[in-house]
Structures are given as C-alpha cells and as structure tokens.
Amino acid sequence: MSKFFDSNIIQESIQEIHELQKEVYKNGLNIRDMESEDFQNHIENLELLLDKQKIMYTRLSLSDDPDAIEMIKNLRKSVKIMGFPEGTDMNILFSAMEDTIEKMKNNC
C-alpha cells in the first residue's frame, strides 16, 4: 500500500465513506416507501457522504503519491459512467449531486 493510503486518517475516512455508501444504497432501494423522518435521515446521510467524498477527492488531488494519482484518474473515468462528458471536472459532478440532494429536500 502507498504512503497515502497507509495514513490512519485516510483509512478512517475510507471506512466512513464505505459505511455511508452501504447505508445510502441500502436505503435508496426503499426510498419510495420511506416515512418522512426516514427520508430526512437518508438525505442527511447523502449530504454527509458527499461532503466526505469531496474531502477525500481534495486530499487525493493534493497528493503526489502514485496510488492517489491513479485513484484520481479512475475517479475521473467514472464520471463518464455517470453520464457526464469525458473530462468533466469533478467539482461539476459534486455540484450536480448537491443540486439533486437539494431537489430531494424540497420534495419532502
């Protein structure tokens, strides 16, 4: 493992992101059947997950570690899978996600 990913802070952040992703995906399958309070919790988890992902992306972007650089490349490639044009800046993706979450909040 690289020095970047050996960091306890990075390891903890990755674990938190992973746990939030599992929770968001699991609850996302039942979103239509959620009570208002559960829906609010789901939105809060989405916001928290997005914040943690943005922080991780920033940390990756600031690192010169080869594994961090490779992960950035892979993340940029994944943007295309999400329907954005190749080469789309990650901040545009994050902004689109924030807009989606805001729309969900307004529909509560």
Side-chain angles (χ1 to χ4, degrees):
M1 209 177 258
S2 68
K3 288 182 180 182
F4 180 83
F5 290 103
D6 283 342
S7 162
N8 286 339
I9 292 172
I10 298 301
Q11 286 293 317
E12 288 172 14
S13 294
I14 290 170
Q15 185 62 33
E16 289 172 356
I17 288 170
H18 179 71
E19 292 300 321
L20 276 168
Q21 284 175 330
K22 285 191 333 188
E23 184 74 16
V24 164
Y25 294 146
K26 180 183 79 171
N27 291 332
L29 296 173
N30 303 316
I31 199 164
R32 295 182 191 264
D33 299 326
M34 284 184 183
E35 299 292 328
S36 180
E37 185 177 329
D38 292 333
F39 188 69
Q40 290 292 338
N41 288 335
H42 182 68
I43 290 173
E44 288 172 12
N45 282 340
L46 285 170
E47 289 176 314
L48 183 58
L49 175 59
L50 183 56
D51 287 343
K52 289 184 179 296
Q53 289 173 329
K54 288 166 45 177
I55 291 167
M56 180 59 71
Y57 181 78
T58 300
R59 287 178 172 153
L60 288 163
S61 298
L62 295 173
S63 177
D64 60 356
D65 183 277
D67 289 339
I69 292 168
E70 185 65 27
M71 183 168 275
I72 286 286
K73 288 179 187 175
N74 291 334
L75 288 170
R76 289 181 179 151
K77 288 178 188 175
S78 70
V79 170
K80 187 175 181 181
I81 294 169
M82 293 180 213
F84 289 86
E86 190 171 331
T88 298
D89 184 280
M90 289 297 288
N91 290 314
I92 291 173
L93 174 68
F94 291 141
S95 180
M97 291 173 156
E98 289 169 340
D99 290 346
T100 299
I101 292 169
E102 194 60 36
K103 288 176 187 172
M104 290 175 74
K105 287 166 87 172
N106 291 335
N107 288 329
C108 291

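Atoms considered below: every heavy atom in the structure, side chains included; atoms not considered: hydrogens, waters and symmetry mates. Just so you know, these numbers come straight off a predicted model, no measurement behind them.
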message: Between Arg59 and Ser7, do the side chains contain a donor N or O and an acceptor N or O under 3.5 Å apart?
response: no
- prompt: To the nearest 0.5 Å, how far apart are CG in Leu50 and CD1 in Ile55?
  reply: 10.0 Å
task: Determine whether Lys73 and Arg76 make a side-chain contact, defined as any pair of heavy atoms from C-beta on separated by less than 4.5 Å.
output: no
message: Is there a side-chain contact between Glu98 and Lys54 in this structure, where contact means two heavy atoms from C-beta onward sitting under 4.5 Å apart?
response: yes
query: In Å, rounded to the nearest 0.5 Å, how long is the span from CD of Gln11 to CD1 of Ile14?
result: 5.0 Å
task: Could you tell me whether Met97 atom CE has more than 12 heavy atoms of other residues or ligands within 6.0 Å of it?
output: yes
query: Which value, rounded to the nearest 0.5 Å, describes the distance between Leu48 atom CG and Glu23 atom CD?
result: 11.0 Å
- prompt: Just by distance, do the side chain of Ser78 and the backbone of Leu75 share a donor-acceptor pair under 3.5 Å?
  reply: yes
message: Tell me the closest heavy-atom pair linking Phe94 and Gln53, and the distance in Å.
response: CZ-O, 4.1 Å
- prompt: Name the one of Val24, Leu20, Thr100, Asp51 that satisfies side-chain contact (heavy atoms from CB on, under 4.5 Å) with Leu46?
  reply: Val24
task: Give the minimum heavy-atom separation between Ile31 and Met104, together with the two atoms involved.
output: CD1-CE, 3.6 Å
query: Would one find more than 12 heavy atoms of other residues, nucleotides or ligands at under 6.0 Å from atom CG of Leu62?
result: yes
- prompt: Any side-chain heavy-atom pair from Asp64 and Phe4 closer than 4.5 angstrom?
  reply: no
- request: For residues Met56 and Ile10, report the shortest heavy-atom separation together with the two atoms involved.
  value: CE-O, 4.0 Å
query: Looking at Phe5 and Ala68, what are the two nearest heavy atoms and their distance?
result: CE1-N, 3.9 Å
Distance in Å, Asp38 CG paired with Asn45 CG, rounded so as to fall on 0.5 Å steps: 10.5 Å
- prompt: Quick check: does any side chain N or O of Ser63 sit under 3.5 Å from a backbone N or O of Leu60, one acting as donor and the other as acceptor?
  reply: no
- prompt: Given side chains that start at C-beta, do those of Lys105 and Glu102 come closer than 4.5 Å, heavy atoms only?
  reply: yes
message: So, taking the atom named NZ in Lys80 and the one named OG1 in Thr88, what distance separates them when rounded to the nearest 0.5 Å?
response: 10.0 Å
- prompt: With a 3.5 Å cut-off and no angle check, do the side chains of Glu19 and Gln15 form a donor-acceptor pair?
  reply: yes
task: State whether the side chain of Glu86 and the backbone N or O of Lys77 hold a donor-acceptor pair below 3.5 Å, judged by distance alone.
output: no
message: Applying a strict under-4.5 Å side-chain criterion to I, L, V, M, F, W and Y, I'd like to know whether Met90 and Ile72 cluster together.
response: yes
message: Hydrophobic cluster membership, with links at side-chain heavy-atom distances under 4.5 Å among I/L/V/M/F/W/Y: are Tyr57 and Met82 in one?
response: yes
Approximate separation, where rounding is to 0.5 Å, of Glu44 CD and Ile101 CD1: 11.5 Å
